[in-house]
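Data first, discussion second: the structure below is written as structure tokens.
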Amino acid sequence: MSDLPPKSSIRRWFLTTNHKDIGILYLVTALFFLVFGGLLAMLFRVELLTPAADFLGESGYNQAVSTHGLLMVFWFISPFAFGFANYIVPLQIGADDLAFPRLNALSYWLYLFSGILFGISFFQGVTFPGGWTMYAPLNTPAYMPGEALGATSVVLAMIMFVAAVTLGSVNFLTTMYRMRAEGLRMRDIPMFSLSINLTVWMMLFAFAALLAALIILSSDHIIGTNYFTYQIDGDTFATNVNNPGSSMLWAHLFWFFGHPEVYIVFFPALGVMAECFQTFTGRRLVGRKWFIISMVLVALQSFIVWMHHMFLTGINLEIKTLFMATTIGISLPFDLMVFSLIYTMIKGRVRYMTPFLFSLGALLLFILGGITGVFLGAVVLDYQFRGTYWVVAHFHYVMVAGATALFGGLYYWYPKMTGKMYNEFLGKVHFAVYFIGFNLLYFPMFIAWETPRRVFNYPVELTVWHNLSTVGAIILGGSFLIMFYNLFVSYFRGAEVGDQPWEFATSAEWAVASPPPLENFDGVPSYASGTLEFLSPSDVAKRQSGHSGAAADGGTAETSPATDGAGAEAGALATTETALATGAGTAEPTGHEHASHASFWPFMISLGGFLLFLGLSGIRTGSMLYTSLALVGGILGFGSLVGMAQEPFFAPETAIAERWPFADVEKMKLGMWTFLASDIVLFGAFIGSYAFIRFAYGWEAWHHDLIPEAHVTFPGLVNTYLLLTSSFAVVLAMVAAEKESRAGVMASLGATFALGVGFLINKGIEWQHLFHIHTEAFPEGWAITTNLASSTFYLTTGLHAAHVIIGLIIAGYMFFRSWNGAYLGDEKPIEYFGLYWHLVDIVWLFLFPLFYIL
Amino acid sequence: MTHTKLYTIIYVVLFAFATIQAAVEGFGLVDESYWFAFWLIIVLSVVKAVMVAAYYQHLRWEPRSVSYLAGGGVLVALALTAAAAYSIV
Ligand code: HEM
Ligand SMILES: [Cu+2]
């Protein structure tokens, strides 16, 4: 652990693990990607001045549109919201930081480097040209022009981004369930924090499904699996499709993620709107309870509407009807929220300050966007609207409405973050120009709705509307010059503000200085008396003796063991797992030292991951450059993970806190379980993908057509025995640690390790055998690329094997520590490792029958 | 002494169930009546998984909320798989 340099030092920003610093980093980086994505949009708006590809060229147009979408949806809007979340949520709930500060820094650096990787893709010939929805088979190398290395980079950048998101979700959930101020019930936390809570829940599950999709896609790109290949042995797919599920598989996986994603984008904005409406009307949200219930309903329902994006695919009419009903249904809770905001405005006395103007503007835009969405949810109407500018106009009205509210949030919290007030007049001018530009840009798209989307051609008579749009785009883009100027100049010349610049703001971030001190609060925040107070250490000690057990179990340091990200796709995942897996590796369970705030390793790990992925993007060309990049990156990433595991880092559990419904689950365990929940979805989506394409192919014919005789049950059975036994050994290690038997711990961990290695060796022998069989049906062996069954078999069990390898590295690390007498009387790290290892075991319990027997 | 005996019994049961699954195939049941064998084997896997989760991951002794968390993940994956498969019936 290093000390944290002052804010004026560049070094600080590479070292910091403090949530407020990281919040600022997110905001600045996200705004950079806004400009990046915005400039791309300018390019294709200029292209669209005439209905022909005479400016960017055909491929240039496709690239600009696709990367614009990806950058805005992934690299701008959510990270921008999470800049606020990082800064504000701990303050609002009374925590001094997030639960795992180093993982938080790691999230940020993975995000930044994923964006850099994305940027590099532009220089690899052609970047990703296939639309932000990344539809496959369209986006597999077989159907892309050129080498498609840039496209592969983008897919890998997405994987890195998802790793950042997953870490972030785990971190926020653990924080919000373990570190709320005493007396602060979940339903009472401020609206913004509540919206973030629901957002991260959706993220945790939705992004895991996306991760499965991306790993499969990158595997089709890099190692040549055939999940998304229509016709594997080269006939035309018009006559003889032997992978009928291919295109539908992507659509299901992507939209299963994609619809929750649109609420993931919108919810933080809704939270900002609720905050601003309350503060600037001086009134509590009308029907707050129903507003919250509506949000919870929407968050749940968001997982059962995805097929409204697939009305024009071959899904059957029954399911279309069902999903039409769920889609129309989901708009009802939204109506309630809209009315609640409107009533709040009517009942209160409105002060039209800039943050409120943006929030109100967002509401108006959202209403129009929402209503046009309901049109799209009706199957018959969608038959007309699908693939037209109606959709483009709809989702810009809703998504950019969300962004509008977030810009309001930027003005709202700017004084808190900088201690300076922005210029109100310029703020209002920004809003006026923004709002005019927005409507001029997007409204004509409703009128010119017959324009096909993602195409540079359109009917000539619509030219005037497209030209209006382009003018609007210039105005909208230009309005940001006003904002950047305002915020930049105000930082140096703005009026100083106190704790509380807004008269009626009530949430806890306004109870501390602007900007808040490093550790946020002077005492320990508590709502036990009904209002916010700060307890002195002696008060806390008194309360603790009153509480029994759980709340006072002292601090556990956040540490993480060494592991690697060697396995291609598992690379990004490894970080999460390792960092959480064995918990208190080097814990100092005292409560006396000061919390740590600095670590260099998150940056280094991400740099390593970045080089690794950059190398992987071109490894299929066999080039020395790419191969060595991957190698160097892998080693750097691995070494840094070891470094992070060795580094003592102290992030104590809060002494007293409100922890419903996870009061008895300490933070490392909760973090682990949260992570495992997302891993369950990842594997679930993998198994689901296998089931889906097998089902599409013909469930029973599959075995007969595609699998060689030599693929027998026995090696799978042996591996089942090995894994079951190793799980049992971990349990014994835990028992031995409880009994403080060093020999017992070492023997059991050693056995776990040996059995895991045995599992891999057995698998290796089996694979070698299958690769090299010579039979009439499979003269060239049964390799990864041979057919659908081999692709699904090797990739799914390969992902599982990568999990085994990660587990083994952790187990090996723990074995060495137990040699030195670790864990005696402190079995928790073994327990947490066991949670992970048993899950790997459970997954195998399903892979075995599905891939070996049935 | 913690639940060592219980853990051992569970281990034996898991081992036996895996063997039964392989035997179902060995005795030709998979060829004879595929869907019967299919559900038999899947149910055995589910039982095994629940046992590992309940005892080895000691969900039984954790607050219920942790089981809901893990169950949520399972539910999400099942919803995706089932609805996707149904959509192309
Ligand atoms: C109020 C309820 C909403 C309903 C009923 C609704 C409905 C729909 C439907 C049916 C589609 C598919 C159109 C098609 O491709 O033919 C769609 C597309 C889309 N919606 Fe919404 N929507 C709603 C709210 C939102 C919100 C809040 C957002 C984001 C903040 C959003 C973002 C999107 C996006 C990005 C697409 C286009 C996806 C693509 O690229 O194909 N929608 N919406
Ligand atoms: Cu949707």
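Here the structure is a predicted model, which is why all the values come from computation and not from measurement. Throughout, a chain's letter reflects where its sequence line sits, starting with A, and its residues are numbered from 1.
Atoms CG and CD1, on Leu850(A) and Ile41(B) in that order, are 9.5 Å from each other to the nearest 0.5 Å. The CD atom of Glu25(B) sits 13.0 Å away from atom CZ of Phe714(A), with the distance rounded to the nearest 0.5 Å. Atom-to-atom distance recorded for His58(B):NE2 and Lys669(A):NZ is 5.0 Å, nearest 0.5 angstrom. In this structure, the separation between CZ on Phe303(A) and CG on Leu75(B) is 10.5 Å, given to the nearest 0.5 Å. Distance check: Phe662(A) CZ to Glu62(B) CD gives 10.5 Å after rounding to the nearest 0.5 Å. A distance of 11.0 Å separates NZ of Lys48(B) from CH2 of Trp844(A), quoted to the nearest 0.5 Å.
Ranked by heavy-atom pairs under 4.5 Å with chain B, the first of Phe848(A), Trp699(A), Trp201(A) is Trp699(A). The residue among Ile315(A), Leu249(A), Thr674(A) with the most heavy atom pairs within less than 4.5 Å of chain B is Ile315(A). The greatest number of non-hydrogen atom pairs below 4.5 Å with chain A, out of Gln57(B), Gln21(B), Arg64(B), is found for Gln57(B). Of the listed residues (Asp841(A), Leu835(A), Val843(A)), the one with the most heavy-atom contacts under 4.5 Å to chain B is Leu835(A). Ranked by heavy-atom pairs under 4.5 Å with chain B, the first of Thr713(A), Ile319(A), Ile687(A) is Ile319(A).
Ring orientation note: the planes of Tyr56(B) and His838(A) are tilted relative to one another, at an angle of 30° to 60°. Using bins of under 30°, 30° to 60° and over 60° for the plane-to-plane angle, the ring pair Tyr721(A)/Phe15(B) lands in the parallel bin.
At a 4.5 Å heavy-atom cutoff, Phe686(A) makes no contact with chain B through either its backbone or its side chain. Heavy atoms of Ile842(A) lying under 4.5 Å from chain B belong exclusively to its side chain. With a 4.5 Å cut-off on non-hydrogen atoms, Ala691(A) touches chain B through its side chain but not through its backbone. For Leu717(A), the part lying near chain B is the side chain, with the backbone staying farther off; criterion is any non-hydrogen pair under 4.5 Å. Both the backbone and the side chain of Thr725(A) come within contact range of chain B, each with at least one heavy atom under 4.5 Å from a heavy atom of that chain. At a 4.5 Å heavy-atom cutoff, the contact between Val66(B) and chain A is made by backbone and side-chain atoms alike. Proximity to chain B is limited to the side chain of Phe256(A), based on heavy atoms less than 4.5 angstrom apart. For Lys320(A), no part sits under 4.5 Å from any heavy atom of chain B, backbone or side chain. Of the atoms belonging to Val50(B), not a single heavy atom falls under 4.5 Å from chain A. Both the backbone and the side chain of Ser727(A) come within less than 4.5 Å of a heavy atom of chain B. Within the 4.5 angstrom heavy-atom criterion, only side-chain atoms of Met248(A), from C-beta onward, approach chain B. Within the 4.5 angstrom heavy-atom criterion, no atom of Ser678(A) approaches chain B. Only the side chain of Trp306(A) comes within less than 4.5 Å of a heavy atom of chain B; its backbone N, CA, C and O stay farther away.
Considering all non-hydrogen atoms of both residues, Pro63(B) and Val665(A) come closest at CG-CG2, 3.7 Å. Scanning both residues, Leu732(A) and Thr4(B), for their nearest heavy atoms gives CD2-CG2, 4.1 Å. The minimum heavy-atom distance between Ala18(B) and Leu724(A), with the atom names listed, is CB-CD1, 4.4 Å.
Residue-environment remark: CZ (Phe36(B)) stays at or below the threshold of 12 foreign heavy atoms within 6.0 Å.
Interface with chain A: from residues 77-89 of chain B, residues Ala77(B), Ala79(B), Leu80(B), Thr81(B), Ala83(B), Ala84(B), Ala85(B), Tyr86(B), Ser87(B), Ile88(B), Val89(B) qualify, criterion being any non-hydrogen pair under 4.5 Å.
Contact annotation: the side chain of Val46(B) approaches that of Phe846(A) to within less than 4.5 Å [non-hydrogen atoms, C-beta and beyond]. Asp664(A) places none of its side-chain heavy atoms less than 4.5 Å from the side chain of Trp61(B). Using a 4.5 Å cut-off on side-chain heavy atoms (C-beta onward), Leu845(A) and Val52(B) make contact. Inter-residue side-chain proximity for Ile853(A) and Phe38(B) is flagged as unmet; no heavy-atom pair is nearer than 4.5 Å.
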### Query
Taking it one step at a time, do Val74(B) and Val681(A) satisfy side chain to side chain contact (heavy atoms under 4.5 Å, CB included)?
CA-CA 7 Å; Val74(B) 176; Val681(A) 178; over 6 Å; no
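Put simply, the side chain of Ser65(B) gets close to the backbone of Pro661(A): a donor and an acceptor are under 3.5 Å apart.
For Tyr7(B) and Phe728(A), the ring centers sit 6.0 Å or farther from each other.
If you check the side chains of Trp35(B) and Glu700(A), you find a donor sitting under 3.5 Å from an acceptor.
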